[in-house]
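Here's the structure, in structure tokens; my notes come after.
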Amino acid sequence: MNLGGSYLSKLELHTSDPEQVIQALVNENGKNRSERRQIARAFGKVKNRDAYYEKQRARENENLRDQYQKMLDARINNAEHVVHDGLIDNWTKMMALMALVLKRKYNWSDGRIGSFIEKANELHKDLVASGEWADIEKLVEDECSIELEVSDD
């Protein structure tokens, strides 16, 4: 193929900038003005189609990104609910265990157990509000000389 007086191999043609190749075709001496205009118009149409395609692709990518973000947000929200519900269930079961220990092992009355559970819930709220809840094991160790460590050994 003769472009601007030089021959390009197929490899050179594939690796060169298409706009430069078209420009070389347009400027080629053997072409008349009408042919040059047709080539330039055809190239303009191709460029417009490419620009439209890229715009559409970017819009579709943005839509997909939005859909995936909504799905991810919904899954995170669901996971937060599952974790929250699990924590509440664990707290309830732990309080139930404390009530049974006090009833079965220490023969506490129902009223005394109810008072204990109520005070435990109040203390829990206070510890969470003050930020001490994160270090509850250390507090028990310091104030009660009890190390709360469970091992499977």
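Predicted model, so just to flag it, every value in this text is computed and none were measured.
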Taking [X] first and then [Y], would you say they form a salt bridge - that is, a charged N and a carboxylate O separated by under 4.0 Å?
| X | Y | answer |
| --- | --- | --- |
| Arg57 | Glu54 | yes |
| Asp142 | Lys138 | yes |
| Arg59 | Glu62 | no |

Item to complete: Start with the C-alpha gap between Ile146 and Glu141, add the side-chain angles, then the distance that decides, and say whether side-chain contact (heavy atoms from CB on, under 4.5 Å) holds.
Response: CA-CA 5 Å; Ile146 298 172; Glu141 186 177 330; over 6 Å; no
State plainly whether one hydrophobic cluster holds both [X] and [Y], where clusters connect Ile, Leu, Val, Met, Phe, Trp and Tyr through side-chain heavy atoms under 4.5 angstrom apart.
| X | Y | result |
| --- | --- | --- |
| Trp91 | Val83 | no |
| Tyr106 | Phe116 | yes |
| Leu123 | Ile88 | no |
| Leu72 | Tyr68 | no |
| Trp133 | Met94 | yes |

Item to complete: Give the C-alpha distance, both sets of side-chain angles, the deciding distance and a yes or no for salt bridge (Lys or Arg N to Asp or Glu O under 4.0 Å) between Lys93 and Asp89.
Response: CA-CA 6 Å; Lys93 287 181 178 174; Asp89 185 52; 3.2 Å; yes
Discussion item. So does Gly111 get a backbone contact from the side chain of Ser115, meaning a donor-acceptor N/O pair under 3.5 Å?
Written reply: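 Between the backbone of Gly111 and the side chain of Ser115 there is no qualifying donor-acceptor contact (under 3.5 Å).
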Quick check for you: to the nearest 0.5 Å, what is the distance between [X] atom [atom1] and [Y] atom [atom2]?
| X | Y | atom1 | atom2 | value |
| --- | --- | --- | --- | --- |
| Met71 | Asp73 | CE | CG | 11.0 Å |
| Glu60 | Asn63 | CD | CG | 7.5 Å |
| Met98 | Leu100 | CE | CG | 9.5 Å |
| Leu64 | Gln69 | CG | CD | 13.0 Å |
| Asp85 | Asn90 | CG | CG | 11.0 Å |
| Arg112 | Asn107 | CZ | CG | 10.5 Å |

Discussion item. Asp110 vs Lys103, test: side-chain contact (heavy atoms from CB on, under 4.5 Å). Steps then yes/no.
Written reply: CA-CA 8 Å; Asp110 294 347; Lys103 180 73 171 186; 2.8 Å; yes
Worksheet item: Any side-chain heavy atom of Asn121 within less than 4.5 Å of one from Met95?
Response: yes
Discussion item. I'd like to check Leu102 versus Ile117 (side-chain heavy atoms, cut-off strictly below 4.5 Å). Are they in contact?
Written reply: no
